[in-house]
Colleague: 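Here's a structure for you.
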Amino acid sequence: MTLETPPDTSHSTARTPRLPKGQRLTEGWPVLSYGSNPRIDLATWEFRVFGLVEQEVRLSWEQLQALPQVRSRSDMHCVTTWSKYDNDWEGVRISDVLALAKPLPAAKHVMFHSYGGYTTNVPLDELQYDAALLAHTHNGEPIAPDHGGPLRGVIPHLYFWKSAKWVRGMELIADERPGFWEMYGYHIHGDPWTEERYS
Ligand SMILES: Nc1nc2c(c(=O)[nH]1)N[C@H]1C(S)=C(S)[C@@H](COP(=O)(O)O)O[C@H]1N2
Ligand SMILES: [Mo]
């Protein structure tokens, strides 16, 4: 069997300006985690899509791997002012996973839930583009536990606190609701190009 190269959905590396105001480029990859890494066993790992959906979805690790795989190059921007260019992610499109659950018309926002209890909110509309992923691979390697492996969100058009590490579910909700950092004063939306840092 030959492994197919996943289709390329690269995005956002060609924005002008590429580096948002107030950001500095970093060569390494800082670890930004509130609390310690959760212990995760792939044998019992499960991803859930629930809330305002027609069909609640539960995916095992094998079922996630069986979905269409894509790769996408994008930049990351942390609100603490570091940015990292040219990250090659592989995983599944968030929009594909949402489609499995058939969001109800009333669903307007998504709350991401992580192992360990972290949460973050994103408007449903902003998850429909190809570069928004649930990623298991970064620059050709499985994502390390410090960086959110086995699976993390990648939502490159927003500050990276919106990209939940150790992600385990998406909850479809009607009204915008703050996640973890949003409750502690981070901006409810988080666009780096308009510096939606804190509220
Ligand atoms: N579950 C979880 N996801 C998280 C965080 C966290 O503390 N817990 N930190 C966020 C923040 S503030 C940033 S900048 C990125 C950092 O990802 P990295 O540690 O892989 O650089 O993850 C985001 N996702
Ligand atoms: Mo961050």
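Counting from 1, the numbers follow the sequence of the chain as shown. Atoms within each ligand, like the ligands themselves, are counted from 1 in listed order.
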Colleague: Which one holds for Phe180 and ligand 1: side chain close, backbone close, both close, or neither close, with close meaning a heavy atom under 4.0 Å?
Modeller: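 No part of Phe180 is near ligand 1 at this cut-off.
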Colleague: Listed by chain and number, what are the side chain to side chain donor-acceptor pair (under 3.5 Å) partners of Ser95, not counting sequence neighbours?
Modeller: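 Listed in chain order: nothing, the list is empty.
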Colleague: With nothing but distance in play, are any N or O atoms of Lys165 less than 3.5 Å from an N or O of ligand 1?
Modeller: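 Yes, Lys165 has an N/O under 3.5 Å of an N/O on ligand 1.
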Colleague: Assess the side chains of Ser83 and Gln23: does a donor N or O sit below 3.5 Å from an acceptor N or O?
Modeller: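 Yes, because at least one side-chain N or O of Ser83 sits under 3.5 Å from a partner of the opposite role on Gln23.
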Colleague: Going by the closest heavy atom to atom 17 (O) of ligand 1, which one wins out of His77, Lys162, Arg152, His113?
Modeller: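 It is Arg152 whose heavy atom sits nearest to atom 17 (O) of ligand 1.
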Colleague: Measuring from the heavy atoms of Ser163, does anything fall under 4.0 Å of ligand 1?
Modeller: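 True for this residue.
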Colleague: Quick check: Tyr115 and ligand 1, any N/O pair under 3.5 Å apart?
Modeller: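 For ligand 1, there is no N or O atom that lies under 3.5 Å from one belonging to Tyr115.
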Colleague: Do Asn87 and His138 get their side chains close enough for a donor-acceptor pair, meaning under 3.5 Å?
Modeller: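 Short answer, yes.
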Colleague: Output the list of atoms in ligand 1 that are nearer than 4.0 Å to some heavy atom of Ser114, sorted by atom number.
Modeller: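 What qualifies from ligand 1 is 1 (N).
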Colleague: I'd like to know if Pro30 contacts ligand 1, where contact means a heavy-atom distance under 4.0 Å to any ligand atom.
Modeller: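 A heavy atom of Pro30 does come that close to ligand 1.
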Colleague: Look at atom 10 (C) of ligand 1 and find which of Tyr118, Tyr34, Trp181 reaches it with the closest heavy atom.
Modeller: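 That would be Tyr118.
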Colleague: I need the atoms of ligand 1 closer than 4.0 Å to a non-hydrogen atom of Cys78, numbered in the order shown.
Modeller: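 Under 4.0 Å from Cys78, ligand 1 has these atoms: 14 (S).
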Colleague: For ligand 1, which part of Met76 has a heavy atom less than 4.0 Å away: the side chain, the backbone, both, or neither?
Modeller: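 It is neither; nothing of Met76 touches ligand 1.
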Colleague: Which atoms of ligand 1 are found less than 4.0 Å from any heavy atom of Trp166?
Modeller: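 Heavy-atom distances to Trp166 below 4.0 Å select 1 (N), 2 (C), 8 (N).
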Colleague: Determine whether Tyr115 and Asn37 satisfy the following criterion, side chain to side chain contact (heavy atoms under 4.5 Å, CB included), listing intermediate values before the conclusion.
Modeller: CA-CA 9 Å; Tyr115 285 99; Asn37 296 359; over 6 Å; no
Colleague: For the residue pair Glu171 and His113, confirm or rule out a side-chain donor-acceptor distance under 3.5 Å.
Modeller: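 Yes, because at least one side-chain N or O of Glu171 sits under 3.5 Å from a partner of the opposite role on His113.
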Colleague: Between His189 and Glu176, is there a side-chain donor-acceptor contact under 3.5 Å, judged purely by atom types and distance?
Modeller: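 No pair is found: no donor N or O on one side chain lies under 3.5 Å from an acceptor on the other.
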Colleague: How are the rings of Tyr186 and Trp181 set to each other: parallel, tilted or perpendicular (split at 30° and 60°)?
Modeller: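 The arrangement is parallel - the two ring planes meet at less than 30°.
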Colleague: Who's the nearest protein heavy-atom neighbour of atom 12 (S) of ligand 1, and how far?
Modeller: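 Answer for atom 12 (S) of ligand 1: Trp161 CB, 3.5 Å.
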Colleague: Do Ile173 and Phe112 share a hydrophobic cluster, counting only Ile, Leu, Val, Met, Phe, Trp and Tyr and linking them when any side-chain heavy atoms are less than 4.5 Å apart?
Modeller: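 Different hydrophobic clusters.
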Colleague: Show the atoms of ligand 1 that are less than 4.0 angstrom away from any heavy atom in Trp29.
Modeller: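 Listed by number with element, the hits are 18 (P), 20 (O), 21 (O).
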Colleague: Are any of the N or O atoms of Leu32 closer than 3.5 Å to those of ligand 1?
Modeller: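 For ligand 1, there is an N or O atom that lies under 3.5 Å from one belonging to Leu32.
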Colleague: List ligand 1 atoms under 4.0 Å from Ser33, heavy atoms only on the residue side.
Modeller: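 Those of ligand 1 that fall under 4.0 Å from Ser33 are 7 (O).
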Colleague: Would you check whether Trp82 reaches within less than 4.0 Å of ligand 1, judged by its heavy atoms?
Modeller: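 Contact present.
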Colleague: Regarding Glu126 and His157, do their side chains bring together a donor and an acceptor under 3.5 Å, going by distance alone?
Modeller: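 The answer is yes; a qualifying pair exists.
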Colleague: Is the distance between the ring centroids of Trp61 and Phe47 less than 6.0 Å?
Modeller: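 No, the ring centres sit 6.0 Å or more apart.
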Colleague: Who's the nearest protein heavy-atom neighbour of atom 15 (C) of ligand 1, and how far?
Modeller: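 Result for atom 15 (C) of ligand 1: Phe160 O, 3.5 Å.
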